[in-house]
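Take a look at the structure below.
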Amino acid sequence: MTTGKNYIGESLSAKGTNTFRTINPELNLENETVFNEASEEEISQAVTLAEEAFKIYGSVSDVKKAEFLEAIAEEIESLGEDLIKTYMQESGLPAGRANGEQARTTGQLRAFAAMLREGSWVEAIINKTEGKPDIRRFQIPLGPVVVFGASNFPLAFSTAGGDTASALAAGCPVIVKSHPLHAGTGELAASAIIKAAKRTGMPNGVFSNLNSKDTVVGKILAEHPSVKAIGFTGSIKGGTALCKIAANRPVPIPVYAEMGSINPVLILPSVLQNEPEKWAKNYAVSITAGTGQFCTNPGLILGINSAELENFITILALETDKIEPACMLHPSIKNQYESLKAEVLGQEGFTKNTAVEKETKPNYAQQSIITVNGDTFLKNRTFHKEVFGPFSVVVKCDDIKQLNEIILDLEGQLTGTVLSTDLTEYEAFKEVIENLKNKVGRLIYNNVPTGVEVCSGMTHGGPFPASSDSKFTSVGITAVKRWVRPVTFQDWPNDLLPAALQDSNPLQINRTVNDILTKNPI
């Protein structure tokens, strides 16, 4: 059951005077619970508690942290139908999606727990050579981390999502700025984390959850001197604003923001000749999945102009039209979708391929496929915009040269996809594909970009503006690297070293200076 209050560490609190309700987008009605936005006093209390908790939690063993993360997963599961019902009421998403996202959330937590139990994530390195200093290095946590919940994933990218799981795994206390669209879901997830913290003996303040209906709470948190890093999933506008705040602090801090992307798809001639129906159907489903509200939605499809490409576009439009419109996450997101779509459709030089829009429920989105030629796309950057929803632009390029020019002109992306049924055509498109690789965080072959696997090899990030730092990922166990920094110990007695750096630890990378110099002479 939700209370509408903030979790300041283990305590529920409602000192703020600003209140708000979430909205059920399916019914287009406000939900019952009234939420209290966190006051400045509550924000300060949460950060102070996190700072104190870090003195203990930053040194908690990996085994104990693993137990904590596993306990969170169990407590989330124990929320049962109350969590699923609240999720659906606040998002308009179906039960299948709610259950799937809950499984993803608990799966992420258990994956980080497994990483902690294995132990090599600290990257313990020893350089030990007779006559030389004894040098040993590993990773330590940064300190309190602020996580901004995402609008489109109420569980997996929000209160108990990947940013929170990875920061807690690193040894960093977390303060979540809960997303106002699903504050009830956030409070329930927060209650599970607090229960798990108490159950496993974690310090009070290792986690807090703050309600917020606008940008005020987030700005105060980003400016607080005790906050050491920020995790964000959302719009380019929001992410870049946080980056500026963090950079202008007396002591700047890193912001790991996953932002916008249109996820270009290169459809090569062999697919257009051999499998147009298969891929048109697959991409109609991908474009409309989750009502297009995925950051990996394929918003741009590129091909060489031909009769075969025209055939593919026709099939894609027909298959897209067959899919019933679905509910978006919130009236504001639906309005934003309509506004951005209207901006693109207000340009000249495109063809609308999907059917005339029909009447739907208030927060349901009509899907759209449009086509433009390569010259138009290059000259008018409005067609590059991410339209957050079931919308995609197909670009008919004159030739490989123009296709390459368009790839070089694109902004940074989360994903890029190549569709082909003939390996021999790779050579002709090699330069295009290499240039695409330099624009993306994940390069896909013969698949759709929607769906991000949680594993050690995943990169969910990319060159700006896909993310604020392309060296890191927000999905997968290497996401922990965002919340740590290296420390080197020189000539310390073995018994005084951290356990990960002692001689008895089997997970060290034992490399001597002589080994390195032999392979890489200076």
Side-chain angles (χ1 to χ4, degrees), residues 261-289 292 294 296-320 350-351 353-354 369-378 383-384 386 391-453 459 462-463 466:
S261 186
I262 54 175
N263 306 297
V265 177
L266 306 186
I267 182 162
L268 301 191
S270 62
V271 163
L272 297 173
Q273 293 164 5
N274 301 323
E275 298 180 338
E277 295 87 356
K278 170 187 171 180
W279 289 108
K281 289 178 180 179
N282 285 346
Y283 270 83
V285 172
S286 181
I287 290 163
T288 58
F294 292 149
T296 52
N297 192 56
L300 179 65
I301 298 173
L302 304 161
I304 304 298
N305 196 11
S306 64
E308 289 81 7
L309 179 59
E310 292 288 357
N311 178 54
F312 171 82
I313 294 167
T314 298
I315 301 169
L316 176 65
L318 288 171
E319 293 296 329
T320 303
F350 74 90
T351 299
N353 302 95
T354 40
I369 305 293
I370 68 169
T371 57
V372 297
N373 63 40
D375 285 339
T376 301
F377 188 80
L378 285 167
F383 290 111
H384 293 221
E386 180 188 20
F391 184 91
S392 192
V393 178
V394 182
V395 181
K396 299 186 287 188
C397 303
D398 292 339
D399 48 32
I400 295 177
K401 180 181 178 183
Q402 187 177 66
L403 176 61
N404 197 39
E405 187 179 356
I406 287 171
I407 295 297
L408 289 170
D409 192 49
L410 285 178
E411 301 82 358
Q413 307 290 333
L414 293 171
T415 74
T417 301
V418 178
L419 301 181
S420 173
T421 62
D422 182 359
L423 294 179
T424 63
E425 68 185 342
Y426 171 79
E427 197 60 37
F429 289 89
K430 183 177 180 179
E431 184 180 358
V432 175
I433 294 168
E434 284 298 306
N435 287 328
L436 178 63
K437 180 187 71 176
N438 291 326
K439 293 284 184 177
V440 306
R442 177 163 54 116
L443 194 61
I444 302 161
Y445 189 79
N446 281 358
N447 212 320
V448 295
T450 40
V452 186
E453 187 71 21
T459 300

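Side chains are part of it too, since the values below use all heavy atoms of this structure and drop only hydrogens, waters and symmetry mates. Please read all numbers here as calculations on a predicted model, not as lab measurements. Numbers for residues simply follow the sequence, beginning at 1.
- In plain terms, the two heavy atoms of Glu434 and Tyr426 that are nearest each other are OE2-OH, 3.9 Å.
- Using a distance-only test at 3.5 Å, with no hydrogens or angles considered, no donor-acceptor pair links the side chain of Thr376 to the main chain of Val372.
- Nearest heavy atom pair, residue Ile304 against residue Leu272, reads O-CD1, 4.5 Å.
- Side-chain atoms of Asn353 come within 3.5 Å of backbone N or O of Thr371 as a donor-acceptor pair.
- In this structure, the separation between CG on Asp409 and NE2 on His384 is 5.0 Å, given to the nearest 0.5 Å.
- Of all non-hydrogen atoms in Phe383 and Phe377, the two that sit nearest each other are O-CE1, 3.4 Å.
- Between Leu410 and Pro264, the closest side-chain pair of non-hydrogen atoms falls below 4.5 Å.
- The nearest pair of heavy atoms linking Ile315 to Ala280 is CG2-CB, 3.5 Å.
- Side-chain contact between Phe429 and Pro269 is present, with at least one heavy-atom pair separated by less than 4.5 Å.
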Please test Thr351 against Ile370 for side-chain contact (heavy atoms from CB on, under 4.5 Å), starting from the C-alpha separation and ending with a verdict. CA-CA 5 Å; Thr351 299; Ile370 68 169; over 6 Å; no
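- Considering OG1 of Thr296 and CD1 of Ile262, their distance stands at 13.5 Å, rounded to 0.5 Å.
- A distance of 9.5 Å separates CD of Glu275 from OG of Ser420, quoted to the nearest 0.5 Å.
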How far apart are the C-alpha atoms of Tyr283 and Leu419, what are their side-chain angles, what is the distance that settles it, and do they pass the side-chain contact (heavy atoms from CB on, under 4.5 Å) test? CA-CA 11 Å; Tyr283 270 83; Leu419 301 181; 3.7 Å; yes
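- With contacts defined as side-chain heavy-atom distances shorter than 4.5 Å, the pair Asn373/Val395 does not qualify.
- Ile267 places a side-chain heavy atom less than 4.5 Å from the side chain of Ile301.
- When atom types are taken as modelled, the side chain of Asn263 and the backbone of Gly299 share no donor-acceptor pair closer than 3.5 angstrom.
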Going through the checks in order, is the side-chain hydrogen bond (donor to acceptor under 3.5 Å, both in side chains) test met by Ser261 and Glu386? CA-CA 6 Å; Ser261 186; Glu386 180 188 20; over 6 Å; no
Given the rule in the side-chain contact (heavy atoms from CB on, under 4.5 Å) test, do Leu266 and Ile407 qualify, once you have shown the distances and angles that lead to the verdict? CA-CA 10 Å; Leu266 306 186; Ile407 295 297; 3.7 Å; yes
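- Leu436 contributes atom CG, which lies 8.0 Å from atom OG1 of Thr417 (distance to the nearest 0.5 angstrom).
- Looking at Glu431 and Asn435, their side chains come closer than 4.5 Å, going by heavy atoms from C-beta outward.
- Looking only at side-chain heavy atoms (C-beta outward), Asn446 and Trp279 come within less than 4.5 Å of each other.
- Among all heavy-atom pairs drawn from Pro449 and Ser286, the shortest one is CD-OG, 4.1 Å.
- A donor-acceptor pair under 3.5 Å is absent between the side-chain atoms of Asn311 and the main chain of Ala307, judged by distance alone.
- Taking the charged nitrogens against the carboxylate oxygens, Lys439 and Glu411 have no contact shorter than 4.0 Å, which rules out a salt bridge.
- To the nearest 0.5 Å, atoms CG (Asn297) and CG (Leu414) are separated by 11.5 Å.
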Does the side-chain hydrogen bond (donor to acceptor under 3.5 Å, both in side chains) test come out yes or no for Asp375 and Gln402, once each step is laid out? CA-CA 8 Å; Asp375 285 339; Gln402 187 177 66; 2.8 Å; yes
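- Within the 4.5 Å cutoff, no side-chain heavy atoms of Val265 are placed close to those of Leu302.
- For the atom pair CD1 of Ile287 and CG of Leu316, the computed distance is 5.0 Å after rounding to the nearest 0.5 Å.
- Taking 4.5 Å as the limit, some side-chain heavy atom of Glu310 sits within range of a side-chain heavy atom of Asn305.
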